[in-house]
Amino acid sequence: MTYELYYWPEIQGRGEFVRLALEQAGADYVDVARGEGDDLPGLMHFMEDPSVAEPPFAPPYLKAGDLLIGQTANILLFLGDRHGLAPAEEGGRLWTHQLQLTIADFLVEAHDTHHPIGSGLYYEDQKPEAKRRAEDFLAHRLPKYLGYFERVLARNPAGDAHMVGNKVTTADLSMFQMIAGLRYAFPKAMARIEPKHPRLAALHDRVAALPRIRTYLASPRRIPFNQMGIFRHYPELDP
């Protein structure tokens, strides 16, 4: 099967968590809007076509045969089970999914540092509020999330090399993306706080060194971080 991934072509965003899983799985997939002609009309088709009985709310969504799967964590639950990127037993799959949902919460809070009032407004329209939100995020929320995931690694009965069990899961891939994005958005803050979370830093490096991920990161398929995505670097938010 060739999967069809529907996401915005110019940013990593939430779609990047799905891309990482597809790449690590060695799956055949088409990044639809990045194909020939940048198929943005095709990107919106399943959301707007009245004949689609179960439309996704927004990208990313994945077409897998007759299945149309929306929401990042839901897509990763599907891919993890199908491609061995989650434990085989139910408890392990649910734990992996639970971590993914917490990562989704973390991602929203990182995004809201630069868009605390409304996503439809420009950053320049909410700079004072963004500065206050970023200060709180860096002082309180970032340490809380990183501390939690550091403890998850420390308490893994199979060892601290992975978030779940003793092999790579979607949770590992997604945590790699979070650390990479936070380093881009808040390099000064991350330089201060990362030494307190050595297991997470080591996990990032292990995922980056996986053969398929290493190849992907060096390829044009990996969209660079930029000022349109979820992770954005504004120096005034990272004093």
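Quantities reported herein were computed from a predicted structural model and do not represent experimental measurements.
Taking 4.0 Å as the cut-off between side-chain N and carboxylate O, Asp31 and Arg19 count as a salt-bridged pair. Using a 4.0 Å cut-off between charged side-chain N and carboxylate O, Arg133 and Glu109 make no salt bridge.
Counting heavy atoms from C-beta on, the side chains of Leu210 and Val168 come closer than 4.5 Å. Counting heavy atoms from C-beta on, the side chains of Leu107 and Gln177 never come closer than 4.5 Å. Side-chain atoms of Leu79 and Val18, non-hydrogen and from C-beta on, do get closer than 4.5 Å to each other. Side-chain contact between Arg34 and Ile223 is present, with at least one heavy-atom pair separated by less than 4.5 Å. Glu4 is not listed as a side-chain neighbour of Leu62, based on a closest heavy-atom distance of 4.5 Å or more. When side chains are defined from C-beta on, Leu203 does not count as touching Phe149, because their heavy atoms never get closer than 4.5 Å. Looking at heavy atoms from C-beta onward, Pro55 lies out of side-chain contact with Met47 at the 4.5 angstrom threshold. At a threshold of 4.5 Å between non-hydrogen side-chain atoms, the residues Phe137 and Asp112 do not count as touching.
Around atom CZ of Arg132, no more than 12 heavy atoms belonging to other residues, nucleotides or ligands sit under 6.0 Å away. A 6.0 Å sphere centred on CD of Gln71 holds no more than 12 heavy atoms belonging to other residues, nucleotides or ligands. Atom CD of Glu90 has 12 or fewer heavy atoms from other residues, nucleotides or ligands within 6.0 Å.
For Tyr145 and Phe106, the ring centers are positioned less than 6.0 Å apart. Between His83 and Tyr3, a ring centre-to-centre spacing shorter than 6.0 Å is recorded. For Phe176 and His204, the gap between ring centers is short of 6.0 Å.
The hydrophobic cluster around Leu121 extends to Ile117, counting ILVMFWY residues whose side-chain heavy atoms fall within less than 4.5 Å of a member.
Considering all non-hydrogen atoms of both residues, Thr96 and Pro87 come closest at OG1-CD, 3.3 Å. Contact record, Ile11 with Asn226: CG2-OD1, 3.8 Å, taken as the closest heavy-atom pair. Closest of all the heavy-atom pairs between Gly70 and Tyr61 is CA-CB, 3.9 Å.
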Steps toward side chain to side chain contact (heavy atoms under 4.5 Å, CB included) verdict (Thr169, Leu99): CA-CA 11 Å; Thr169 66; Leu99 290 172; over 6 Å; no

Evaluate the side chain to side chain contact (heavy atoms under 4.5 Å, CB included) criterion for residues Phe225 and Ile230: first the C-alpha distance (whole Å), next the side-chain angles of each, then the deciding distance (0.1 Å), finally the verdict. CA-CA 9 Å; Phe225 288 109; Ile230 288 176; over 6 Å; no

Does Glu54 form a side chain to side chain contact (heavy atoms under 4.5 Å, CB included) with Leu68? I'd like the steps, not just the answer. CA-CA 8 Å; Glu54 299 175 343; Leu68 190 62; over 6 Å; no

I'd like to know whether Leu173 forms a side chain to side chain contact (heavy atoms under 4.5 Å, CB included) with Phe17, so could you lay out the CA-CA distance, the side-chain angles of the two residues, the decisive distance to 0.1 Å, and finally the verdict. CA-CA 7 Å; Leu173 300 169; Phe17 297 88; over 6 Å; no

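Val32 and Phe78 are assigned to two separate hydrophobic clusters, defined by single-linkage of ILVMFWY side chains at heavy-atom distances under 4.5 Å. A single hydrophobic cluster is not seen to contain both Leu77 and Leu101; linkage of ILVMFWY side chains at heavy-atom distances under 4.5 Å, directly or through other members, places them apart. When the side chains of ILVMFWY residues are joined at heavy-atom separations under 4.5 Å, either directly or via intervening members, Tyr184 and Leu146 end up in a single hydrophobic cluster. Leu237 and Tyr122 sit in two unconnected hydrophobic clusters of ILVMFWY residues. Membership requires side-chain heavy atoms under 4.5 Å apart, directly or through other members.
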Could you give the side-chain donor-acceptor pairs of residues 192-201 under 3.5 Å, partners two or more places apart or in another chain?
| from | atom 1 | to | atom 2 | distance (Å) |
| --- | --- | --- | --- | --- |
| Arg192 | NH1 | Pro239 | O | 3.3 |
| Glu194 | OE1 | Arg183 | NH2 | 2.8 |
| Glu194 | OE2 | Arg183 | NE | 2.7 |
| His197 | ND1 | Ile193 | O | 3.1 |
| Arg199 | NE | Asp160 | OD2 | 3.1 |
| Arg199 | NH1 | Glu150 | OE2 | 3.4 |

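Taking the six-membered ring where tryptophan is involved, the planes of Phe46 and Tyr6 are perpendicular, since the angle between them exceeds 60° and thus also 30°.
Side chains of Tyr29 and Glu23: a donor-acceptor N/O pair is present below 3.5 angstrom, by distance only.
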